[in-house]
**Student:** 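Let me give you the structure first, and then I'll get to my questions.
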Amino acid sequence: MDASNGGSNGGSNDKAKKQSFPVLLLEWYAQGKRELPWRKTGDPYAIWVSEVMLQQTQVKTVIPYYERFLQRFPSVEQLGKATLDEVLTEWRGLGYYSRARRMWEGANYLLDQRGGEMPKDYDILLQVPGIGKYTAGAIASIAFGQRVPAVDGNVLRVVSRILAWSEPVETVRSYRHFSTHLAMWQPALQPGDFNQALMELGAMVCTPSKPMCESCPLSQLCEAYSQDDVLFYPVKKPKAKRQIVTRLTFVLRRGDKLYLQKRPPQGLLADLWEFPGVELSQDNLLKDSLPKVEAGELFNHFQKAVSERGFDGWVKEQFEKSVTLHGPVWYTFSHRHWKIIWVIVDLLEPLVLVEKLKPRECLDQIDQIGHIKQEGLEKNVLKEASEQYQADSKAVHRHEKHGDWILLQDLGRIALPVAFSAIIEDLTKI
DNA sequence: AATGCGGGGAA
DNA sequence: TTCCCAGCATT
């Protein structure tokens, strides 16, 4: 680091900063802060909700979710007693769904271990699922007036500029360096306001691009500003490139219902609903778009998806030789690109019988519909059909925990990630 | 220390 | 396109 602080303004040495930094910052905050929903409350639970939602997410996006969520789950108890599915549905579209799951786990942790009370100490807050250093600091300082830091992306940017810190900000070393300075600057009187003011400054003035240094209350203390090099900071480590994954998606349709299933409890979009599908790391078979794929690798995937779920024999004949491919549409996550293509598979109504009826009845029904001719119905045929029913039935049973038939217009009531919006959009047009 | 985990807005 | 945003948990 530099030792001189530039010398152009003698007031910027550490001691002077300690004196003037919090005063200047808090004066600015007092007159310029935004009226945000979570700034009207002292309820630690509500502040918890806001802090979790605000992780990696902008204020404007969060506001409507925050209002709805608190209305639906007004307290730790209400949140903990809800099902995970209900919580995820409320979270739908907000992203980073593990936040919702952990907050739900956290609520249950508090109910089980701590009488449903929000802890007020930083160290205890850290024990709660989903609460890390930042959130613990934010809750402890904002809701309980404790003098602890809350270092988020905004704070990293602001402080890295004030100190003209030329190392990557993500390191432990940088975190310690910033914490030391913040501990020095943070006043005992309004520690929560100090933290919020720092973040507010980062959001409104000390922005990533086009920072408004002319109207910044701290510009006279800012080392980067005095060096006229504000945009150089914060220094960040390069990020990994996103991989492209092709996702072949199966829209299984039965009348006006669609087959949706639960995703596994870990990994991407955990516990959310989805159309069945497979990921292809490489897709030789698809140029960039378009229909009518003949029997081949793609078709095999499609066949497998149908039979895995016990839907063999219920597929309309038109799909037995070729399928129409829809898409692609692109969807981008933080760490991967999905190239989504999909096929729409219509299943015959008799499937209902496989699920609901006994083999004998099933066959009767099938017979009536005319798929098995009366004269050909000999004993071995009956046996074969019965076995097929058993197999299908097992497969259906295996999947019914994870899958469900849902009306198109009811998709809004389940936690279906935004990634599938384009498919829904397409289905409503057809 | 690196990686996985969403989604929307802005440049 | 890329980057950014009131991060956390796992490895």
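Chain letters run A, B, ... following the sequence lines, proteins first, then strands; residues in each count from 1.
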**Student:** Under 4.0 angstrom, heavy atoms only, what part of the nucleic acid is A:R39 near: base, sugar-phosphate, or nothing?
**Tutor:**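 Contact class for A:R39: base.
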
**Student:** Can you find a donor-acceptor N/O pair under 3.5 angstrom joining the side chain of A:S98 to the base of B:dG4?
**Tutor:**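 Result: no qualifying N/O pair found.
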
**Student:** Ignoring backbone atoms, test whether A:K237 places a side-chain nitrogen or oxygen under 4.0 Å from the OP1 or OP2 oxygen of B:dA2.
**Tutor:**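 Indeed, a polar side-chain atom of A:K237 lies that close.
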
**Student:** Does a side-chain N or O of A:Y65 approach OP1 or OP2 of B:dG7 to a distance below 4.0 Å, or not?
**Tutor:** no

**Student:** With a 4.0 Å cut-off on heavy atoms, is A:G202 in touch with a base, just the backbone sugar-phosphate, or nothing at all?
**Tutor:**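 No contact at all - A:G202 keeps every heavy atom at 4.0 Å or more from the nucleic acid.
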
**Student:** Using OP1 and OP2 only, check whether a side-chain N or O of A:K236 sits under 4.0 Å from C:dC5.
**Tutor:** yes

**Student:** Need to verify one output field. Residue with the more 5' nearest nucleotide on DNA chain B, A:V172 or A:V418?
**Tutor:** A:V172

**Student:** Which whole-number value in Å describes the distance from A:L231 CG to C:dC3 P?
**Tutor:**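 Rounding to the nearest Å, CG of A:L231 and P of C:dC3 are 16 Å apart.
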
**Student:** Consider the side chain of A:T135, meaning its heavy atoms from C-beta on, and name the nucleotide among C:dC5, B:dG7, C:dG7 that approaches it most closely.
**Tutor:** C:dG7

**Student:** For side chain to side chain donor-acceptor pair (under 3.5 Å), just list the numbers for A:E279 and A:W338, CA-CA rounded to whole Å, side-chain angles, deciding distance to a tenth of an Å, and then say yes or no.
**Tutor:** CA-CA 9 Å; A:E279 291 192 345; A:W338 259 6; 3.0 Å; yes

**Student:** Checking A:Q146 against A:D121: is there a side-chain donor and acceptor pair closer than 3.5 Å?
**Tutor:**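 Yes, a side-chain donor-acceptor pair sits under 3.5 Å.
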
**Student:** When you compare B:dG6 with C:dC3, how far apart are their C1' atoms, in angstrom units rounded to a whole number?
**Tutor:**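 Those two atoms are separated by 15 Å.
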
**Student:** Under 6.0 Å from the CG atom of A:D112, do we count more than 12 heavy atoms belonging to anything else shown?
**Tutor:**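 More than 12 heavy atoms, drawn from other residues, nucleotides or ligands, come within 6.0 Å of this atom.
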
**Student:** Considering just the side-chain nitrogens and oxygens of A:H335, establish if one lies under 4.0 Å of OP1 or OP2 belonging to B:dC5.
**Tutor:**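 So the side-chain polar atoms of A:H335 do come within 4.0 Å of the phosphate oxygens OP1 or OP2 of B:dC5, strictly under.
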
**Student:** What is the distance, to the nearest angstrom, from the NE2 atom on A:H337 to the C1' atom on B:dG7?
**Tutor:**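 Value for this atom pair: 14 Å.
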
**Student:** At under 4.0 Å, does any side-chain N or O of A:R99 touch on OP1 or OP2 of B:dC5?
**Tutor:** no

**Student:** Do A:Y96 side-chain and B:dG6 base share a donor-acceptor contact under 3.5 Å?
**Tutor:**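 In this structure, the two groups form a donor-acceptor pair.
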
**Student:** Counting only side-chain heavy atoms from C-beta out, which of C:dC8, B:dG7, B:dA11 sits nearest to A:K210?
**Tutor:**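 Of the candidates, B:dA11 comes closest.
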
**Student:** What's the CD1-C1' distance between A:I63 and B:dG8, to the nearest Å?
**Tutor:**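 Going from A:I63 (CD1) to B:dG8 (C1'), I get 14 Å.
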
**Student:** Rounding to a whole Å, what distance do you find between A:Q266:CD and C:dT11:C1'?
**Tutor:**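 Taking atom C1' of C:dT11 as the reference, CD of A:Q266 is at 13 Å.
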
**Student:** Please tell me if A:K239 has a side-chain N or O lying less than 4.0 Å from either OP1 or OP2 of C:dC4.
**Tutor:**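 Answer is yes, contact under 4.0 Å.
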
**Student:** Quick check: does any side chain N or O of A:R309 sit under 3.5 Å from a backbone N or O of A:A305, one acting as donor and the other as acceptor?
**Tutor:** yes

**Student:** Quick one: is B:dC5 close enough that its OP1 or OP2 comes under 4.0 Å of any side-chain N or O from A:R101?
**Tutor:** no

**Student:** Looking at A:Q56, I'd like to know whether one of its side-chain N or O atoms comes within less than 4.0 Å of OP1 or OP2 on C:dG7.
**Tutor:** yes

**Student:** On a whole-Å scale, what distance lies between the P atoms belonging to C:dA6 and B:dA10?
**Tutor:**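 About 13 Å, rounded to a whole number of Å.
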
**Student:** Nearest of B:dG9, B:dC5, C:dC8 to any side-chain atom of A:Y134?
**Tutor:** C:dC8

**Student:** CE of A:M53 versus P of C:dC8: gap in Å, rounded?
**Tutor:**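 Roughly 15 Å, once rounded to whole Å.
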
**Student:** Under a 3.5 Å cutoff, is there a donor and acceptor pairing between the side chains of A:T171 and A:R176?
**Tutor:** no

**Student:** Counting only N and O atoms by type, is there a donor-acceptor contact under 3.5 Å from the side chain of A:R68 to the main-chain atoms of A:E90?
**Tutor:** no

